[in-house]
Structure formats: C-alpha cells, structure tokens
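What you see below is based on every heavy atom in this structure, not just the backbone, and it leaves out hydrogens, waters and symmetry mates. Every number for a ligand or one of its atoms is a count from 1 in the order of the listing.
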Amino acid sequence: MHNMKRVQMLDFPQHGDARGHLVIVEGAKDIPFEIKRAFYIYGSDADVVRGQHANRLSEFVLINVAGKSKVKVKDGAGNEAIYCLNRPHTGVYLPNMVWKEMYDFSPDSVLLVLASTHYDPDEYIRDYRDFETEVQAFAE
Ligand code: TYD
C-alpha cells in the first residue's frame with residue numbers, strides 16, 4: 001500500500017490569455033523530481049495496453065497533452081487504482097515500484113511522460129509475478 005499512497009494527481013497552473021493556453025512544468029517544482037527524460041506516446045489504438053511494467057528506480061509524471069487515456073496502477077499487494085488523464089493541465093505522479101498500464105487511448109491522444117531517470121532497461125520489471133515477489137521481499 002505504501003507506494004499507492006504516493007500516487008497522486010497533479011494540477012498545473014494555466015497561464016492562458018487571449019492568445020491561448022500555456023502550461024509550465026518545472027522539474028523539482030511542479031514535478032516532484034528533477035526531469036532527466038521525456039517521451040511521448042501517440043497513435044495507440046483504443047484496444048492497446050501499454051506499460052505493463054514496474055520500475056525499481058524511475059518516477060514518472062504522465063500528462064495527456066492532447067486527447068485522453070487511462071492509467072491503472074497496482075501495488076503488487078492487491079490494491080489498484082485507475083486515473084483518467086483528459087486535461088492538458090493535469091498529470092498523475094507515479095513513484096517507483098508501482099505496476100502501470102496505460103489504455104483506452106483516444107485517437108487524438110498524445111501522452112507525455114516525464115521521468116526522473118535516463119533509460120535503463122535493467123531497472124524495469126516486466127513480469128507481474130516478479131513484481132509481486134519483489135514487493136513481498138521488500139515488505140519482509
Ligand atoms: P516500452 O517500455 O515497451 O513502452 P511503453 O511502456 O510505453 O509501453 O518501450 C518500447 C521500446 O522503446 C522498448 O524497446 C524500449 C524503448 N525505450 C527506450 O529506448 N527508451 C525509453 O525511454 C523508453 C520509455 C523506451
């Protein structure tokens with residue numbers, strides 16, 4: 001449960017005026033970590049499920065800068081929560097060691113992901129049973 005409690009929606013200030021909207025996200029200010037990496041996901045069909053992994057080290061903030069998607073988060077100990085990302089000025093913070101699945105992408109979905117680390121495939125846990133085992137080992 002510990003890491004599920006750290007998952008939270010973030011609401012970023014909007015600096016809109018007659019010219020349009022502007023949202024600013026600064027590392028270690030609006031985002032609860034220094035940003036080392038950004039990537040974005042688009043063109044995923046509605047029936048696609050992405051993610052399906054946990055990260056031993058990386059923390060993430062996910063923002064649907066266009067369109068909509070959903071994120072299911074699991075703690076490996078029986079708890080899960082679903083977050084709807086449908087506004088360019090809101091995001092969800094995911095700490096390390098939570099399982100995540102992104103799905104229900106709208107055709108116009110552009111999902112921006114900000115990460116606390118550079119990419120390292122070795123810190124990914126891609127098997128759910130392995131994740132459960134590591135969570136249990138950590139709790140003992
Ligand atoms: P993957 O983790 O499966 O994407 P998602 O979690 O969105 O479903 O990554 C797809 C491919 O891209 C995989 O071969 C690893 C590579 N990749 C990088 O090289 N760097 C990165 O920062 C990320 C997120 C993925």
Side-chain angles (χ1 to χ4, degrees):
M1 194 65 197
H2 179 70
N3 276 10
M4 288 293 275
K5 283 190 187 151
R6 294 174 59 208
V7 177
Q8 60 170 307
M9 292 298 295
L10 304 174
D11 205 8
F12 308 118
Q14 296 182 78
H15 303 268
D17 58 29
R19 299 169 299 162
H21 300 287
L22 173 65
V23 176
I24 303 153
V25 291
E26 292 199 37
K29 289 184 181 172
D30 312 283
I31 303 294
F33 50 78
E34 292 285 2
I35 300 161
K36 287 219 178 129
R37 176 166 51 122
F39 54 95
Y40 40 94
I41 295 164
Y42 59 96
S44 291
D45 287 339
D47 59 355
V48 163
V49 181
R50 298 200 60 125
Q52 298 187 288
H53 51 60
N55 294 75
R56 295 187 182 93
L57 298 175
S58 296
E59 301 164 74
F60 298 95
V61 168
L62 279 59
I63 306 165
N64 252 109
V65 294
K68 301 179 201 174
S69 71
K70 291 188 183 125
V71 189
K72 184 186 281 187
V73 189
K74 299 184 190 182
D75 69 355
N79 302 297
E80 65 177 57
I82 293 171
Y83 295 85
C84 297
L85 299 175
N86 54 13
R87 285 177 295 185
H89 59 89
T90 61
V92 64
Y93 166 69
L94 304 180
N96 64 318
M97 284 305 276
V98 294
W99 188 264
K100 46 214 168 269
E101 297 175 0
M102 295 82 88
Y103 63 104
D104 257 5
F105 296 95
S106 62
D108 59 344
S109 172
V110 181
L111 179 60
L112 173 66
V113 182
L114 306 174
S116 64
T117 60
H118 294 299
Y119 182 65
D120 173 8
D122 293 338
E123 64 102 15
Y124 279 68
I125 308 172
R126 293 191 175 271
D127 181 276
Y128 191 72
R129 293 226 175 119
D130 290 346
F131 171 61
E132 286 180 314
T133 303
E134 288 198 32
V135 166
Q136 275 168 20
F138 189 74
E140 281 165 8

Handout entry: Test item: R56 side-chain N/O and D122 main-chain N/O as donor-acceptor pair under 3.5 Å
Key = yes
Practice task
Under the ring-ring contact (aromatic ring centres under 6.0 Å, His included) rule, collect the residues that match up with F131, sequence neighbours excluded.
Solution key: W99, Y128
Problem - Contact atoms of ligand 1, heavy-atom distance to I41 under 4.0 Å - result: 7 (O)
Exercise for the section: Quick one: which residue pairs count as a ring-ring contact (aromatic ring centres under 6.0 Å, His included) with a foot in residues 24-75, not counting sequence neighbours? Expected result: H53-Y124
Completion exercise
the protein heavy atom lying closest to atom 4 (O) of ligand 1 turns out to be R50 NH2, 3.3 Å
Handout entry: Winner among E101, R126, H118 once heavy atoms are compared against atom 1 (P) of ligand 1
Key = R126
Practice task
Flag the pair R37 / T117 as yes when at least one side-chain heavy-atom distance between them is below 4.5 Å, and no otherwise.
Solution key: yes
Exercise for the section: Looking only at protein heavy atoms, identify the closest one to atom 25 (C) of ligand 1 and say how far it is in Å. Expected result: Y119 CE1, 3.9 Å
Practice task
Check each heavy atom of K100 against ligand 1 and say whether those closer than 4.0 Å belong to the side chain, the backbone, both or neither.
Solution key: neither
Exercise for the section: Quick one: look at V113 and ligand 1, take heavy-atom pairs under 4.0 Å, and tell me if it's side chain, backbone, both or neither. Expected result: neither
Exercise for the section: Report, in ascending order of atom number, the atoms of ligand 1 lying under 4.0 Å from any heavy atom of G51. Expected result: 5 (P), 6 (O), 8 (O)
Problem - Part of H53 within contact of ligand 1 (heavy atoms, under 4.0 Å) - result: side chain
Practice task
Look at the side chain of D17 and the backbone N and O of R19, then say whether any donor-acceptor pair between them is shorter than 3.5 Å.
Solution key: yes
Problem - Heavy-atom protein neighbour under 4.0 angstrom from atom 20 (N) of ligand 1 - result: yes
Exercise for the section: For ligand 1, find out whether one of its N or O atoms is nearer than 3.5 Å to an N or O atom of Y124. Expected result: no
Handout entry: Flag: protein heavy atom within less than 4.0 Å of atom 23 (C) of ligand 1
Key = yes
Problem - Side-chain (Q14) to main-chain (H21) donor-acceptor, under 3.5 angstrom - result: no
Practice task
For atom 14 (O) of ligand 1, state whether the nearest protein heavy atom is under 4.0 Å away.
Solution key: no
Handout entry: Non-hydrogen side-chain atoms of I31 and F12 separated by less than 4.5 Å
Key = yes
Practice task
State, yes or no, whether a side-chain contact exists between M4 and V73 at a heavy-atom distance under 4.5 Å.
Solution key: yes
